[in-house]
Q: 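One structure is given below, represented as structure tokens, and several questions about it will come after.
This structure is a prediction, so every number in the text was calculated from the model and none was measured.
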Amino acid sequence: MPGSTSTARMNAAPISSDLKPLPPRTLAEVRDQVAQEIAVQMVNKAELLDVKIDDAGFLKQIAQTIKECCLQDFLFAVYTTGPPIDSSANFVFLCGSAEDYVQRAVLLTTSKFIGRVLGVRNEPAYTSFISVKDVGYTSYDESALWDVVRKSAQPPIDPLIPPPGSRGIEKILSDARAKLQRLKSTEAYEELCEPEVGAPTFLVDIRPADQRDEEGGINGALVIERNVLEWRFDPRSHSRLNIADRYDLRIIVFCSDGDSSSLAAYSLQQLGLLNATDIIGGYRAWRDAGLPVDIPIRTTRSVSSLPGQSSDGDHIGRYNGTFTIYTQEQAVHT
């Protein structure tokens, strides 16, 4: 039939008279609910949520909820964007399951935002609060914070397990000595005393000044401390000595006990100075073998009383700006 209509009747349950309208919620309760929803989404998806947050206290609520949701190791970075309301900077809030995670994240964040960090405040329960100017305005900021989280959350390396390819110092020393034709102290002395040699030969003392002052020295040795050795003997260096103008130099290096001298001599060989070597046992072996040494006398004199040579024939050396009397002694073999 034209214009016909139909109706449907629905049966609805009667409303109980015991139901009452929900009480109005406070702003704090609403904020807490929203913080929980944001935190749950972050934990479940572990992704960046485009949520406008400009309240530092609200960030703490989110961080607390994250902690309640996570059962295992975690690290989250939550940050504000847009113009700050009550401060001169935005905020990066870091929360994690361990203090190491958070502290690593703090250090990396301050390094990546050099010149923009206004302050860092550590909070209880493995959280930290960082004030950063204009965070979130560029794509760099987002990538940088992702990098902070990924690197900081990596488990720490066991310090007792050496990295692949690394060598202990004893292995490094052994490998270096395998490249050297090391000399006994007496062999070095005899070589230095030869009237004719195939190439210029130099005895080089690489000990620091305090060891030279304490132990004495070898008269005629070049004093070149270890930290500048390569620059002084590399013929290609602008800081080289005038004598370092050829690669066939015979350089005999010594230290106090013969360990660092081996590494130094090998380093010179790598520069192309293939005749470089060192003394087994160092200065102490030289001294114990009865070879000539300059032994400092523990006596000081005023500058006016030092005419350049003492009355008994001892020569004067100047170490570290102060004058010290040295006497040349020939140790006695026993």
Side-chain angles (χ1 to χ4, degrees), residues 169-237 239-296 315 317-320 326-333:
I169 185 58
E170 293 300 329
K171 175 62 176 174
I172 293 175
L173 185 61
S174 175
D175 291 346
R177 286 174 172 170
K179 308 292 184 181
L180 304 174
Q181 292 182 342
R182 307 185 71 205
L183 300 174
K184 296 179 180 179
S185 55
T186 53
E187 293 173 338
Y189 180 72
E190 291 171 359
E191 183 173 332
L192 291 166
C193 291
E194 291 181 4
E196 295 183 5
V197 292
T201 303
F202 300 99
L203 182 64
V204 179
D205 186 349
I206 64 170
R207 295 173 299 161
D210 59 344
Q211 284 189 346
R212 298 196 304 270
D213 289 343
E214 177 68 24
E215 299 175 341
I218 300 176
N219 191 25
L222 294 177
V223 177
I224 303 176
E225 294 193 2
R226 179 66 188 89
N227 61 323
V228 296
L229 180 68
E230 289 84 354
W231 283 267
R232 297 296 182 262
F233 278 107
D234 185 358
R236 290 161 288 201
S237 171
S239 303
R240 68 175 177 83
L241 300 173
N242 291 333
I243 59 174
D245 57 354
R246 50 196 292 175
Y247 286 94
D248 62 345
L249 295 177
R250 176 64 161 169
I251 303 173
I252 303 174
V253 184
F254 72 90
C255 61
S256 181
D257 55 10
D259 286 340
S260 59
S261 61
S262 295
L263 299 179
Y266 177 62
S267 180
L268 292 177
Q269 285 195 358
Q270 290 181 304
L271 294 176
L273 300 163
L274 302 182
N275 290 329
T277 188
D278 74 321
I279 296 177
I280 300 172
Y283 174 81
R284 296 173 184 172
W286 178 288
R287 180 192 60 198
D288 294 343
L291 301 174
V293 294
D294 291 339
I295 300 177
H315 65 276
R318 184 170 184 174
Y319 277 52
N320 295 334
Y326 291 88
T327 179
Q328 188 175 67
E329 294 186 358
Q330 181 73 32
V332 179
H333 289 284

Q: Let's go through Ser260 and Ile206 carefully: what are the C-alpha distance in whole Å and the side-chain angles of both, what is the deciding distance for side-chain contact (heavy atoms from CB on, under 4.5 Å) to 0.1 Å, and is it a yes or a no?
A: CA-CA 9 Å; Ser260 59; Ile206 64 170; 4.2 Å; yes
Q: Should we count CD of Gln270 as having more than 12 external heavy atoms under 6.0 Å?
A: yes
Q: Under 3.5 Å, is there a donor-acceptor pair linking the side chains of Ser256 and Glu215?
A: yes
Q: In Å and rounded to the nearest 0.5 Å, what is the CZ to CG distance from Arg246 to Asn275?
A: 10.0 Å
Q: Let me see the working for Ile218 and Asp205 under side-chain contact (heavy atoms from CB on, under 4.5 Å), right down to the final yes or no.
A: CA-CA 8 Å; Ile218 300 176; Asp205 186 349; over 6 Å; no
Q: When rounded to the nearest 0.5 angstrom, what is the spacing between CD1 in Ile252 and CD in Glu191?
A: 4.5 Å
Q: For Ile224 versus Leu229, what's the shortest heavy-atom pair and its separation?
A: CG2-CA, 4.0 Å
Q: Got Arg212 and Glu225 here, is their nearest side-chain heavy-atom distance under 4.5 Å?
A: yes
Q: Give the minimum heavy-atom separation between Ala176 and Ser262, together with the two atoms involved.
A: CB-O, 4.3 Å
Q: As a quick check of understanding, evaluate side-chain contact (heavy atoms from CB on, under 4.5 Å) for Tyr247 and Asp234, giving each step before the final call.
A: CA-CA 8 Å; Tyr247 286 94; Asp234 185 358; 4.2 Å; yes
Q: Report the relative orientation of the aromatic rings in Tyr189 and Trp286; use parallel for angles under 30°, tilted for 30 to 60°, perpendicular for over 60°.
A: perpendicular
Q: Taking atom CG of Leu180 and atom CG of Asp175, what is their separation to the nearest 0.5 Å?
A: 11.0 Å
Q: Would you mind telling me which of Ser267, Pro208, Ser261 makes a side-chain contact (heavy atoms from CB on, under 4.5 Å) with Arg226?
A: Ser267
Q: Rounded to the nearest 0.5 Å, what separation is found between the CG atom of Asp257 and the OH atom of Tyr283?
A: 13.5 Å
Q: Supply the atom-to-atom distance Gln269 CD to Thr277 OG1, rounded to the nearest 0.5 angstrom.
A: 7.5 Å
Q: Closest approach of Ala265 and Ala276, non-hydrogen atoms and distance?
A: O-CB, 3.8 Å
Q: Out of Arg284, Arg177, Arg182, Arg207, which residue meets the salt bridge (charged side-chain N to carboxylate O under 4.0 Å, His left out) rule with Asp259?
A: Arg177
Q: Which atom names give the shortest non-hydrogen contact between Glu230 and Leu268, and what distance separates them?
A: CA-CD2, 4.4 Å
Q: Is any side-chain heavy atom of Arg250 closer than 4.5 Å to a side-chain heavy atom of Pro200?
A: no
Q: Nearest heavy-atom pair of Leu249 and Phe233: which atoms, and what distance?
A: CD1-CD2, 4.3 Å
Q: Do you know which of Leu203, Leu183, Asp278 makes side-chain contact (heavy atoms from CB on, under 4.5 Å) with Phe254?
A: Leu203
